[in-house]
Amino acid sequence: MSTPAPSRIESRIDAEVRRRRTFAIISHPDAGKTTLTEKLLLFSGAIQIAGSVKARKASRHATSDWMEIEKQRGISVASSVMQMEYRDCVINLLDTPGHQDFSEDTYRVLTAVDAALMVIDAANGVEPQTRRLLQVCRARNTPILTFVNKMDREVKDPLVLMDEIERELGMEVVPFTWPVGMGKAFHGVMDLREKQMRVFSPGEDRDRNADEILAGLDNPAYAERFGSQYEQAKGEIELLADAAPVFEPHAFLAGHQTPMFFGSAVNNFGVREVLDALVDLAPPPGERAAIQRVVQPSEPKFSGVVFKIQANMDPAHRDRIAFLRVASGHFERGMRLKVSRSGKELRPNTVVSFLSQRRELLDEAFAGDIIGIPNHGVLQLGDTLTEGEVLQFTGLPFFAPEMFRSVEVADPLKTKQLRAGLTQLGEEGAIQVFRPVAGSVLLLGAVGQLQFEVVAHRLEHEYGVKARIQPSRFQVARWVSCDDAKELQRFIDGNAHRVAYDAVDAPTVLVEYAPELRAIESNWPKIKFHALREHAGLVFQRQLDG
């Protein structure tokens with residue numbers, strides 16, 4: 001069988017890249033993000049029945065919430081990946097944790113997407129976690145679509161919401177749909193693009209293709225059917241015609257404008273408009289920066305970056321999966337890949353695509369796709385895989401922890417299981433695990449208290465280890481580096497009582513108070529102290545190796 005000419009291969013890669021849409025759903029907790037995720041899967045045909053995140057006693061839970069603790073608490077604590085096809089597009093959807101204690105996982109997921117769908121609770125408006133996530137998106141110029149959820153409840157006035165989003169998030173809002181009424185008097189939304197009204201009827205179990213559509217924005221039937229709510233909406237739409245900005249694709253793609261949609265995800269309402277907009281407006285995969293050069297998605301050679309590692313997606317097999325965002329080329333099962341950091345070669349034969357924890361073996365993938373590679377400690381967060389070229393993609397953030405705990409095993413016979421469990425959870429980035437230079441008690445670092453609770457729960461239920469998690473005297477951490485390897489080693493030896501190594505063996509200084517850190521900085525002028533690091537196995541290991 002003859003090999004296709006390079007031009008045919010490249011044209012196929014280019015066509016497949018143009019079909020891809022890769023986006024994350026972001027929101028403050030309880031805005032309805034996971035419910036909307038379910039309904040996007042439902043409307044695309046990827047699933048036939050949506051699990052209810054509210055029905056704690058039922059056997060159904062959200063498809064994207066697969067971890068046992070998520071089902072118990074009704075929250076997302078791990079990012080989920082789902083792939084689906086809709087209107088001849090391949091959509092890679094990443095559902096992120098809303099809780100601020102898991103913001104690091106969300107920040108890393110946002111490095112792997114080309115767009116974001118922001119969910120706002122119409123009753124609460126812009127909330128703190130929404131602001132933080134938007135800052136990350138804005139820093140990366142990520143295009144953002146906005147879905148204002150829960151319109152079937154008593155909520156804020158839509159004009160007030162629009163003004164709040166513009167003011168708080170610093171971007172122009174362009175309404176694509178506009179609500180008629182709210183709460184018990186919510187009648188539906190005007191589709192300003194299609195010049196029609198989609199009539200609301202409550203209930204999530206009805207046929208999702210059976211919504212009533214009324215033609216025109218000034219149909220005389222509206223006043224008769226919807227009374228004062230229609231008259232108010234009509235006045236607001238007339239005001240918007242003069243005051244709202246015109247949608248400009250370039251401004252949207254640069255993260256300066258956001259199209260806004262209204263609906264009620266729990267009632268399947270307004271979901272189709274969002275799904276269509278993602279296909280129509282969100283960009284296909286773009287170029288990605290590596291230290292060595294800029295990589296184009298349609299290049300023939302494969303490259304990709306590990307942005308997430310998840311342990312025990314299948315607890316029966318104690319597996320670890322590395323989630324890799326394909327950056328360029330054509331992935332084929334069994335192909336030879338090189339880990340740029342270590343130079344090790346992989347030939348992955350059991351690579352999978354995802355529908356949350358359900359997975360299917362895949363034979364090929366293209367730029368924008370998220371693939372799962374079984375990992376036994378070979379891959380780390382931030383690793384770049386290629387067909388041989390040495391590349392290191394940039395931008396995967398790690399933040400200095402703000403809270404610390406010491407951890408010991410309740411049963412000394414299970415010390416080995418404790419270290420194995422913490423090593424794997426540390427590889428995930430779910431918690432930061434530090435091995436002190438002096439002493440044997442491991443230290444955990446986190447952004448928020450809930451991370452410690454999740455780690456304790458997972459150690460017990462996934463690794464069979466009851467851990468004692470105790471307060472630690474440390475409150476501040478900084479990674480340390482130096483251009484002079486001998487000076488760095490001298491610093492580590494001289495501060496052994498407060499230096500520890502993290503999951504990628506990056507040396508870290510731990511102190512009790514900020515003034516103590518300032519004193520150390522003045523005493524060691526050649527040492528650099530970092531509150532944030534990117535994937536730094538290369539940098540730190542080379543410094544230590546000299």
Side-chain angles (χ1 to χ4, degrees), residues 13 17 20 22-24 79 81 83 92 94 96 104-116 136-137 139-142 283-310 320-332 335-346 348 351-354 362 364-375 377-399 427-429 503-504 506 532-539 541:
I13 291 173
V17 169
R20 263 60 186 177
T22 303
F23 73 98
S79 302
V81 176
Q83 189 179 73
N92 295 290
L94 288 80
T96 62
E104 269 200 89
D105 193 25
T106 301
Y107 293 154
R108 286 193 284 266
V109 164
L110 288 172
T111 69
V113 300
D114 305 300
V136 177
C137 291
R140 302 180 61 82
N141 295 325
T142 304
E287 62 185 29
R288 297 183 79 79
I291 292 172
Q292 295 78 3
R293 65 183 183 86
V294 173
V295 176
Q296 300 297 329
S298 55
E299 290 179 16
K301 292 284 190 182
F302 170 85
S303 66
V305 61
V306 176
F307 68 92
K308 172 182 170 63
I309 292 175
Q310 185 70 54
R320 277 180 282 171
I321 298 289
F323 289 71
L324 181 136
R325 152 77 190 229
V326 181
S328 68
H330 179 200
F331 173 84
E332 295 179 277
M335 72 189 302
R336 293 178 184 272
L337 297 176
K338 185 177 182 180
V339 184
S340 289
R341 171 182 54 83
S342 64
K344 289 184 179 177
E345 189 176 276
L346 297 177
V351 174
V352 293
S353 63
F354 299 95
L362 64 79
E364 62 178 1
F366 298 88
D369 286 341
I370 310 296
I371 63 176
I373 300 177
N375 177 42
V378 174
L379 296 174
Q380 296 177 355
L381 284 169
D383 273 349
T384 299
L385 274 68
T386 70
E387 289 188 59
E389 181 182 1
V390 175
L391 290 173
Q392 179 61 54
F393 287 109
T394 60
L396 199 74
F398 292 80
F399 301 91
E427 284 174 3
E428 282 185 23
V504 296
L532 182 146
R533 70 165 175 84
E534 291 191 6
H535 172 67
L538 278 169
V539 177
Q541 200 56 53

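Scope of the values below: all heavy atoms of this structure, side chains included, with no hydrogens, waters or symmetry mates. We're numbering straight along the sequence, starting at 1. Since the structure is predicted, the reported quantities are computational estimates derived from the model, not experimental observations.
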On a heavy-atom basis, which atom in [X] and which in [Y] lie closest, and how many Å separate them?
X	Y	answer
E387	P300	OE2-O, 4.0 Å
C137	A116	SG-CB, 4.1 Å
E299	V294	OE2-O, 4.0 Å
A322	V306	CB-CG1, 4.1 Å
T386	S340	CG2-OG, 4.1 Å
A367	V17	CB-CG2, 3.8 Å

Flag the pair [X] / [Y] as yes when at least one side-chain heavy-atom distance between them is below 4.5 Å, and no otherwise.
X	Y	result
D114	P284	no
V295	L391	yes
S303	F393	yes
E389	K301	no
F302	L385	yes
T111	V305	no
H330	F366	yes
F331	L362	yes

Answer yes or no: is there a donor N or O on one side and an acceptor on the other, between the side chain of [X] and the main chain of [Y], under 3.5 Å?
X	Y	answer
R325	A112	yes
T22	G368	yes
Q292	Q392	yes

- Can you name the one residue among L324, D383, I370 that meets side chain to side chain contact (heavy atoms under 4.5 Å, CB included) with F307? I370
Starting at [atom1] of [X], measure out to [atom2] of [Y] and round the result to the nearest 0.5 Å.
X	Y	atom1	atom2	result
T394	I291	OG1	CD1	7.0 Å
T384	L337	OG1	CG	12.0 Å
R20	N92	CZ	CG	7.0 Å
Q296	E287	CD	CD	4.5 Å

